[in-house]
Amino acid sequence: MSVFKMVVSYDGTNYHGYQMQPHETTIQEVIEKALELMTKIKIKTYAASRTDKGVHAEGQVLHFETDLKIEANTFTDAVNKRLPNDIKIVKTTKKNESFHARHSAKSKVYHYVFSKKELTPFNNRFQVYIPNLDYELMKQASNLFIGTHDFTAFGTEIMDKTVTKTMYQVELKETRNAYIFIVHGNHFLKYMVRSMVGTLIDIGRHKKTMDIITKMFETKDRKLAGKTADAKGLCLKRIYYK
């Protein structure tokens, strides 16, 4: 059996997240159907990140095993021909048999984008607009996430999951048209980044003070978090491996 790694980008707007779900259209379902149309057999895929409904990706990674003798670039071209315009295989490479899209991943980078102006038809799917945010205060607060912390208060569905995560980079960068919240960490809980953003939004609105982040680490109290931020602003940018 050969193991293939695929890097995938997608607009998550029209999908109920990445992972296969009954009675819902998901990214995984569409990709596996395209693989089946190409190969005439069912191929199971395994993804590095189970992105939520409405969340986007530029660098999602999946892998699959097959005994078919097909070149990696052939998979890219042939599967893309069978995918809708909002899902694209960026690259396919052959890996050794020990590679696993999720278990072999070392860290992930997410971006959350705030538009400086009211949204237009050209950015409405990928950004959020919230007027009168104190971005300078949000920049300062972002630094409090850096390091190793217990993120219980920022996640959901935590059962049997390690809640201690390490964030290597957390910052709010300004561009010409937007502010981008960048998070690079080793692991993430469900809704964790959107909960971090939601808490920062409350800080930016002066509804909460910066020390709420430290209190959440100490108390593990989910009720202290801000409202989970809108999914459309979030994008999985890159996944790092050895």
Side-chain angles (χ1 to χ4, degrees), residues 6-21 23-34 45 47-62 76 79-91 101 108-133 135 138 142 154-156 170-185 188-202 204-205 225-239:
M6 277 183 168
V7 179
V8 187
S9 67
Y10 49 83
D11 172 352
T13 305
N14 296 324
Y15 301 94
H16 206 86
Y18 181 86
Q19 190 174 16
M20 193 85 74
Q21 296 185 44
H23 315 301
E24 300 288 356
T25 302
T26 66
I27 306 292
Q28 181 182 12
E29 175 192 357
V30 174
I31 291 174
E32 290 186 4
K33 281 184 178 178
T45 64
S49 180
R50 300 163 183 166
T51 53
D52 303 323
K53 178 182 178 182
V55 173
H56 317 292
E58 287 186 19
Q60 171 73 285
V61 174
L62 62 85
T76 301
V79 172
N80 276 334
K81 289 177 181 177
R82 294 162 172 83
L83 287 173
N85 291 332
D86 53 5
I87 304 175
K88 181 71 69 176
I89 308 302
V90 178
K91 185 179 182 180
K108 302 172 186 175
V109 179
Y110 288 91
H111 284 189
Y112 195 95
V113 185
F114 297 90
S115 175
K116 289 182 176 179
K117 299 178 181 179
E118 291 191 22
L119 299 176
T120 73
F122 302 101
N123 65 5
N124 179 59
R125 285 177 171 235
F126 308 103
Q127 300 182 18
V128 297
Y129 173 66
I130 303 173
N132 304 318
L133 287 179
Y135 284 107
M138 291 167 67
S142 297
F154 293 92
T156 62
V170 185
E171 61 178 318
L172 191 65
K173 282 191 173 182
E174 184 177 5
T175 67
R176 180 178 178 182
N177 297 311
Y179 287 93
I180 305 174
F181 181 63
I182 303 169
V183 186
H184 178 198
F188 294 88
L189 298 168
K190 186 176 179 63
Y191 298 143
M192 180 173 144
V193 177
R194 290 167 60 196
S195 182
M196 292 165 68
V197 173
T199 303
L200 282 179
I201 289 171
D202 276 0
R205 285 173 164 169
K227 181 181 178 182
T228 303
D230 195 336
K232 70 177 182 177
L234 185 61
C235 181
L236 173 60
K237 296 291 286 188
R238 184 171 180 179
I239 301 174

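A search for salt bridge (Lys or Arg N to Asp or Glu O under 4.0 Å) contacts involving K227 returns nothing, not counting sequence neighbours. Y110 meets the ring pair (Phe, Tyr, Trp, His ring centres under 6.0 Å) test with F188; sequence neighbours excluded. A search for ring pair (Phe, Tyr, Trp, His ring centres under 6.0 Å) contacts involving Y18 returns nothing, not counting sequence neighbours. Contacts of T51 classified as side-chain hydrogen bond (donor to acceptor under 3.5 Å, both in side chains), with partners at least two apart in sequence or in another chain: Y10. For D202, the side chain to side chain contact (heavy atoms under 4.5 Å, CB included) partners are K207, K208, not counting sequence neighbours. Residues meeting the salt bridge (Lys or Arg N to Asp or Glu O under 4.0 Å) test with E32, sequence neighbours left out: none. Residues passing the side chain to side chain contact (heavy atoms under 4.5 Å, CB included) test with N124 are L119, K232, sequence neighbours excluded. Listed by chain and number, the residues in a salt bridge (Lys or Arg N to Asp or Glu O under 4.0 Å) with K237 are E58 (sequence neighbours excluded). Judged as a side chain to side chain contact (heavy atoms under 4.5 Å, CB included), and not counting sequence neighbours, the contacts of K91 are T93. With sequence neighbours excluded, the residues forming a side chain to side chain contact (heavy atoms under 4.5 Å, CB included) with V30 are Y15, T25, L83, P84, I87, listed by chain and number. Partners of H184 under the ring pair (Phe, Tyr, Trp, His ring centres under 6.0 Å) rule, at least two apart in sequence or in another chain, are Y168, Y240.
Residues in residues 114-130 take part in these salt bridge (charged side-chain N to carboxylate O under 4.0 Å, His left out) pairs, two or more places apart or across chains: D11-R125, K116-E174.
V183 has its side chain out of reach of K108: every pair of non-hydrogen atoms, C-beta onward, lies at least 4.5 Å apart. Considering only heavy atoms from C-beta on, V55 stays 4.5 Å or farther from L236 through its side chain. Using a 4.5 Å cut-off on side-chain heavy atoms (C-beta onward), R194 and D52 make contact. Looking at heavy atoms from C-beta onward, Y112 lies in side-chain contact with D230 at the 4.5 angstrom threshold. Considering only heavy atoms from C-beta on, R205 comes within 4.5 Å of L133 through its side chain. Taking the side chain as every heavy atom from C-beta outward, V113 and F126 never approach each other to under 4.5 Å. Counting heavy atoms from C-beta on, the side chains of I31 and L62 come closer than 4.5 Å.
A donor-acceptor contact shorter than 3.5 Å links the side chain of T199 to the backbone of G226. Q28 places a side-chain N or O within donor-acceptor distance of the main-chain N or O of M20, the cut-off being under 3.5 Å.
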Mind running side-chain contact (heavy atoms from CB on, under 4.5 Å) on T13 and D86 for me, showing each step along the way?
CA-CA 9 Å; T13 305; D86 53 5; over 6 Å; no
side-chain contact (heavy atoms from CB on, under 4.5 Å) between I201 and F114: does it pass, once the steps are laid out?
CA-CA 10 Å; I201 289 171; F114 297 90; 3.9 Å; yes
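Ring centroid separation for the pair Y179 and F181 does not come in under the 6.0 Å cut-off.
In this structure, S195 and T228 approach most closely via the heavy-atom pair N-CG2, 4.5 Å.
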